[in-house]
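Note: hydrogens, waters and symmetry copies are ignored here, and every other heavy atom, side chains too, is used. Along the sequence shown, residues are numbered consecutively beginning with 1. Because the structure is a prediction, the values reported are computed rather than measured.
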Amino acid sequence: QTFAKTLGRGEIWAFAFGSVVGWGWVMLAGGWVSSAGSLGAIIAFVIAGLVCCFIGMAFAELCPMIPQTGGVLVFTYRAGGYKFGWFAAWSMAFAYVAVACWEGPAFGSAVEYLIPGLTNNADVLYSIEGYDVKLPWLIISIAGTLFTIVCNWIGMSFAKIVNTIAALALVAGGLIFFFGGITLGEAANAVPAINNGFSGVFIVLMAAPAMFVGFDVIPQSVEDMKIPMKQVGKMVILAIVLGAVWYILMILGSSFGAPAEVRDNASIPVADIATYIYGSKIFGTFVIIAGIGGILTSWNAMYIGATRILFAMARAKMLPPVFAKLHPKHNSPTAALILVGILGIAASFLGK
């Protein structure tokens, strides 16, 4: 069985860019500036982007040669045999599932910021690692997970519409934040340009490559694409470059937009910086809405990546054949989707 070819250039861009950007920039951009300074953080992301481009160029060569779902598994299987492919496939599967599980709590936290009184009077169900898990937050996290599962179960035709809308919201909110930061902020807030010398840059560089996770979803889902395979590589590189540009813009907006004490004491840094810049929580809300767009795009992308790699592993006789079966109507990998969905719902019970 093979997937229906439903993804055009616009939908691939939305999946790739949205999966790279996600929600992390909302929580972490202020911390990058504090750790390395504005210029130091930018240097770290330029280096990380270049490293990812080397991987992207390998994908650009390999996707047209072997255009099959589960690209990383297929390529490593051909190059090194069954065991090599098995190891690479499980590595990718764990990475995708980990991010997919993380998105549920992120979604709950974003909605909690949008509706401040949502959990104020709610009873604490239990505490785990210092966090109080409350029923409204838990319901929202699970509801978001179920919505993502349904999007992917109905099929790529529906998921790509949700993803494109979410990606546009993400871009709009991020640009509002960036332009506000550089026009209404102060250059004094961005001093020092490099903080803590090379150590600060290295701290950010340790985390920066993980912020690009998602561009590799493209090789996993080539059977869903209706563009010439020679263009797939360009989409991979474009996703990496756009991701790097995005993170640099958010670093500049954070560094110019607010002084260090605001960045360091913020609960959701970029949203709180936007509120400080414009003097109104409405703009912090815009950033959170943009972040929710990032959550939805990366959430969808991680489900696509995880289910496609599991599907490919079943094709390669590494998993039971049920994982290689597609729904007769929706053409979705139902068993793989159920497995990833169960893990995603379970992760919500771990709290923030």
Side-chain angles (χ1 to χ4, degrees), residues 1-17 19-20 51-97 99 152 155-156 159-160 209 212-241 243 300-327 331-337 340:
Q1 290 184 294
T2 59
F3 292 90
K5 295 186 180 297
T6 57
L7 294 179
R9 289 181 186 83
E11 293 87 15
I12 297 168
W13 169 84
F15 274 113
F17 174 70
S19 61
V20 168
V51 170
C52 290
C53 278
F54 285 115
I55 303 168
M57 285 189 285
F59 285 148
E61 292 290 335
L62 291 165
C63 286
M65 293 180 185
I66 318 173
Q68 294 178 2
T69 290
V72 166
L73 166 61
V74 177
F75 306 150
T76 50
Y77 196 126
R78 288 286 183 95
Y82 183 94
K83 291 181 181 179
F84 193 37
W86 182 93
F87 181 82
W90 274 118
S91 299
M92 297 302 297
F94 280 123
Y96 290 136
V97 171
V99 180
N152 283 273
M156 194 67 84
K160 69 182 183 182
F212 287 90
V213 168
F215 73 88
D216 44 309
V217 170
I218 294 177
Q220 316 310 334
S221 53
V222 290
E223 286 183 27
D224 294 274
M225 299 177 185
K226 57 182 179 182
I227 64 172
M229 285 296 105
K230 289 185 178 180
Q231 296 181 14
V232 171
K234 295 178 182 177
M235 301 299 294
V236 174
I237 301 298
L238 179 63
I240 297 168
V241 172
N300 263 326
M302 292 306 112
Y303 267 79
I304 290 168
T307 55
R308 268 49 177 186
I309 203 79
L310 293 173
F311 174 88
M313 290 174 75
R315 266 185 177 175
K317 307 294 189 290
M318 296 176 181
L319 286 175
V322 66
F323 289 100
K325 293 186 182 296
L326 299 177
H327 191 278
N331 208 49
S332 53
T334 308
L337 190 56
V340 179

For this session: Without swapping roles, check the side chain of E61 against the backbone of M57 for a donor-acceptor pair under 3.5 Å.
Result: no

Seminar exercise, completed: In short, V97 meets A306 closest at the heavy-atom pair CG2-CB, 4.0 Å

Problem set entry | N331 to A4 - nearest heavy-atom pair and separation | ND2-N, 2.6 Å

For this session: For D216 and F59, run side-chain contact (heavy atoms from CB on, under 4.5 Å): C-alpha distance rounded to whole Å, both residues' side-chain angles, the deciding distance at 0.1 Å, then the answer.
Result: CA-CA 8 Å; D216 44 309; F59 285 148; 3.9 Å; yes

Problem set entry | Sub-4.5 Å side-chain heavy-atom contact between N152 and N300 | yes

Exercise. Does some side-chain heavy atom of F215 sit less than 4.5 Å from a side-chain heavy atom of I55?
Worked result: yes

Exercise. Under a 4.5 Å cut-off applied to non-hydrogen side-chain atoms, are R308 and P333 in contact?
Worked result: yes

Exercise. At their closest point, which heavy atom of C63 faces which heavy atom of F75, and how far apart are they?
Worked result: N-CZ, 3.9 Å

Exercise. Who pairs with F3 by ring-ring contact (aromatic ring centres under 6.0 Å, His included), at least two apart in sequence or on another chain?
Worked result: F311

For this session: Examine distances only and state if a side-chain atom of E223 and a backbone atom of T69 form a donor-acceptor pair shorter than 3.5 Å.
Result: yes

Exercise. Taking 4.0 angstrom as the limit, do K160 and D224 come out as a salt bridge?
Worked result: no

For this session: Using atom types as modelled and distance alone, determine if a side-chain donor or acceptor of K325 lies under 3.5 Å from a backbone N or O of T334.
Result: no

Problem set entry | Heavy-atom pair of closest approach, residues A301 and S19 | CB-CB, 3.1 Å

Exercise. How long is the gap from CG on L319 to CE on M313, to the nearest 0.5 Å?
Worked result: 4.5 Å

Exercise. Heavy atoms, side chains only, cut-off 4.5 Å: are K226 and T6 in contact?
Worked result: no

For this session: For the residue pair I304 and Q220, establish whether any side-chain heavy-atom pair is separated by less than 4.5 Å.
Result: no

For this session: For E11 and G8, indicate whether the former's side chain and the latter's backbone hold a donor-acceptor pair under 3.5 Å.
Result: yes

Exercise. Considering only heavy atoms from C-beta outward, does the side chain of I240 approach that of V20 to under 4.5 Å?
Worked result: no

Exercise. Just by distance, with hydrogens left out, do R315 and Q68 show a side-chain donor and acceptor under 3.5 Å apart?
Worked result: no

For this session: Kindly indicate, with the supporting measurements, whether the criterion side-chain contact (heavy atoms from CB on, under 4.5 Å) is fulfilled by M225 and Q231.
Result: CA-CA 10 Å; M225 299 177 185; Q231 296 181 14; over 6 Å; no

Seminar exercise, completed: Nearest heavy-atom contact between P320 and A314 is O-CB, 3.5 Å

Exercise. Got V340 and Y96 here, is their nearest side-chain heavy-atom distance under 4.5 Å?
Worked result: no

Exercise. Pairs in or reaching into residues 75-94: which pass side chain to side chain donor-acceptor pair (under 3.5 Å), with residues at least two apart or in two chains?
Worked result: none

For this session: Please indicate whether K5 has more than 12 foreign heavy atoms, meaning atoms of other residues, nucleotides or ligands, lying under 6.0 Å from its NZ.
Result: yes

Problem set entry | Shortest non-hydrogen contact from I309 toward G70 | CD1-CA, 4.1 Å

Exercise. Rounded to the nearest 0.5 Å, how far does OG of S332 lie from CG of L337?
Worked result: 6.5 Å

